[in-house]
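Residue numbers run from 1 in the order of the sequence given.
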Amino acid sequence: METPILEVRNISKRFGATQALTGVSLAFHAGTVHAVVGENGAGKSTLMNLVGGVHQADSGEILLDGRRVTLQSPNDALRMGVGFVHQEITLCQHMSVAENVFMHSLNDSGRPLVRFSEIQARTRKLLTDFDAHSPIDPRQLVEALSVSQQQVVEIVKALSVNCRVIIFDEPTAALTESETEALFRIITRLKEKGIAVIYISHRLAEIYRIADTVTVLRDGTLIDTKPVGSMDQLSLVHSMVGRELKDIYPPKARGNGSEVLMDVRGLSLAGEFEEVSFSLRQGEILGFAGLVGSGRTEVARTICGLYRKTGGEVLLNGERISIRSYKDAIRQGIVYLTEDRAKDGLFLDMSVAANISVISLDDVARLKLIQKRKELGLAQKFVSDMQIKVASPLARLRSLSGGNQQKVLVSKLLTISPKVVLMDEPTRGIDVGAKTQIYHLLRRLASEGVGVLMISSELPEIVGVCDRVAVMYEGRMCGILEGNHINEKSIIQMACLSTS
């Protein structure tokens, strides 16, 4: 049997009181796509961070072409032919796209000056493979790009290196449909070139589409490794969670006769969207569907004061409200969950407790000083209610998995007992078990009279969770679907017909 390009043997890793990996052994072969799946906290990202040189193992060994290697840093891994597309954006925001893509080689050329025209031309060539809906200029600063465009740059950055192994950690979480298709074409070409591709994703449909082999991790241990075709989705989910997942989507609300809680009339934001009108009823989950860039996020951020509206009005319980900042929105009982938790939603180097209490400091402070006992008590309540996996609420948030970080972000919003919750991609980058928890939480909030607006790029969850669905296209509201009309075909048709 041919020697694997990459092999890990009996790898173990502990972070404080958390045993992240225990005796994991795996082999990755040339010209194959090897998927690694599991719930958040199963050890997937930890294993990849060890292979990518971000962390070092406590025990075990890593072999490249059958030879044991020591990877002390990401640069070590890169020099040895291991590229890594991280789940979280790791770009330098104040630098250009081209500088980010070729940052690894800027100091290796031996030249005293950077030839910007050269790296810009090389970056432009790499970007053409994506056929992006909104072309990316290699000279543009990264901070001016959307989350989707930044993810494309992350991928191109990894492809710019002549790697023999490339790790993709949730690469499509922020990509548009066309960008995802382009990525799959690139992965097919990588296979043909004999590159070993390691692919991590919570989107099981992607696993069955592009992977040859799938490995399941659970609680830091290896559960199974099989050819993808030998395991159906139900069996794979069962292996991942160790239990059956019943009723992934909770029952929807009965009837639509509830009172209007929030009324949005002619809301506009110059250059982004115009004349958007809809109502959010008490106790319902209203979905917002549409392509990335349709204006969904901008509408939500304008409602809660993160962007200054240029027209229209928002009414809450029949009364017009003035929201000039997010602080005003919180006072009115309106909260917003950002689509980019690492950049805009959380303080990764602060504790879980500090993150949960951050918008409700008046409840845990006395004479403007935070009472640590109150803060800890509040955090313990939500850690228990949300089933957040953490050794202690005092642990740094950075030590948690992506799914548990997302639960902390949701907990933060719920501390003020909101009237309206605006959720922007609430299940991005989390596993099927955590998704189910979020879906049931949203339904529980709705049953308690909270108005929930959910933006999602995943049509199955829009269809499965929402009582009504508003469809947007290029900054305009196309219409609202109800009842039996809520299905993927109707949503897509409504967006397409709006262009005629």
Side-chain angles (χ1 to χ4, degrees), residues 89 93-94 96-97 132-137 139-153 174-179 260-280 286-316 319-332 334-340 343-345 420-425 451 453-457 469-480 491 494-500:
I89 303 296
Q93 298 289 315
H94 64 285
S96 73
V97 171
H133 179 67
S134 300
I136 300 171
D137 186 340
R139 299 167 298 179
Q140 196 169 10
L141 293 182
V142 165
E143 64 186 4
L145 302 180
S146 67
V147 174
S148 167
Q149 290 173 320
Q150 290 191 33
Q151 188 65 53
V152 170
V153 176
L175 296 185
T176 65
E177 185 176 347
S178 62
E179 290 164 347
V260 172
L261 176 61
M262 184 176 72
D263 207 8
V264 176
R265 300 177 181 174
L267 194 66
S268 299
L269 179 65
E272 299 293 343
F273 63 87
E274 58 183 41
E275 294 293 326
V276 169
S277 299
F278 65 91
S279 62
L280 176 63
L286 174 65
F288 256 55
L291 301 175
V292 172
S294 63
R296 301 168 304 165
T297 292
E298 288 74 17
V299 168
R301 293 174 73 91
T302 301
I303 290 171
C304 65
L306 290 169
Y307 296 152
R308 185 66 62 87
K309 65 182 175 66
T310 54
E313 59 183 1
V314 177
L315 288 80
L316 190 63
E319 295 185 7
R320 183 175 178 176
I321 57 175
S322 175
I323 298 178
R324 296 179 176 274
S325 67
Y326 188 45
K327 183 182 290 187
D328 289 340
I330 292 173
R331 290 194 185 109
Q332 295 284 355
I334 301 173
V335 292
Y336 168 73
L337 182 138
T338 176
E339 63 178 326
D340 190 341
K343 179 182 176 184
D344 299 328
V420 174
V421 177
L422 310 175
M423 294 278 191
D424 197 348
E425 304 287 0
L453 187 154
M454 185 177 83
I455 299 169
S456 176
S457 298
V469 177
V471 182
M472 289 192 67
Y473 181 82
E474 293 189 347
R476 293 184 293 116
M477 181 72 74
C478 305
I480 295 181
I491 293 171
M494 180 170 280
C496 290
L497 288 173
S498 70
T499 66
S500 60

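For Gly295 against Phe273, the heavy-atom pair with the smallest separation is O-CD2, 4.3 Å. Contact detail for Val314 and Met262: the closest heavy-atom pair is CG1-CG, 3.9 Å. Listed here is the closest heavy atom pair of Leu280 and Gly451: CD2-C, 3.7 Å. Summarising the geometry of Leu267 relative to Val264, their closest heavy-atom pair is CB-CG1, 3.6 Å, with the distance given to 0.1 Å. For Ile323 against Ile303, the heavy-atom pair with the smallest separation is CD1-O, 3.4 Å.
Between Met454 atom CE and Leu337 atom CG the span is 11.5 Å, to the nearest 0.5 Å. In this structure, CD on Glu298 lies 8.0 Å from CE on Met472, to the nearest 0.5 angstrom. Here CD1 of Ile480 is found 9.5 Å from OG of Ser277. Values are rounded to the nearest 0.5 Å.
The salt bridge (charged side-chain N to carboxylate O under 4.0 Å, His left out) analysis of residues 262-272, with sequence neighbours excluded, yields the pairs Asp263-Arg265, Arg265-Glu313.
Judged by distance alone, with hydrogens and angles left aside, the side-chain atoms of Thr310 form a donor-acceptor pair with the main-chain N or O of Ala270 at under 3.5 Å. Using modelled atom types, one side-chain atom of Ser268 and one backbone atom of Glu275 make a donor-acceptor pair closer than 3.5 Å.
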The test is side-chain contact (heavy atoms from CB on, under 4.5 Å); show your working for Ile330 and Lys327 and say whether it passes.
CA-CA 5 Å; Ile330 292 173; Lys327 183 182 290 187; 5.7 Å; no
After noting the C-alpha distance and the side-chain angles of Met477 and Phe288, does the key distance pass the side-chain contact (heavy atoms from CB on, under 4.5 Å) rule?
CA-CA 10 Å; Met477 181 72 74; Phe288 256 55; 3.8 Å; yes
Please evaluate residues Val421 and Val335 with respect to the criterion side-chain contact (heavy atoms from CB on, under 4.5 Å), reporting the C-alpha separation (whole Å), side-chain torsions for both, the decisive distance (0.1 Å), and the verdict.
CA-CA 5 Å; Val421 177; Val335 292; 3.9 Å; yes
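Every side-chain hydrogen bond (donor to acceptor under 3.5 Å, both in side chains) that Ser457 has, sequence neighbours left out, goes to Arg296, Glu425.
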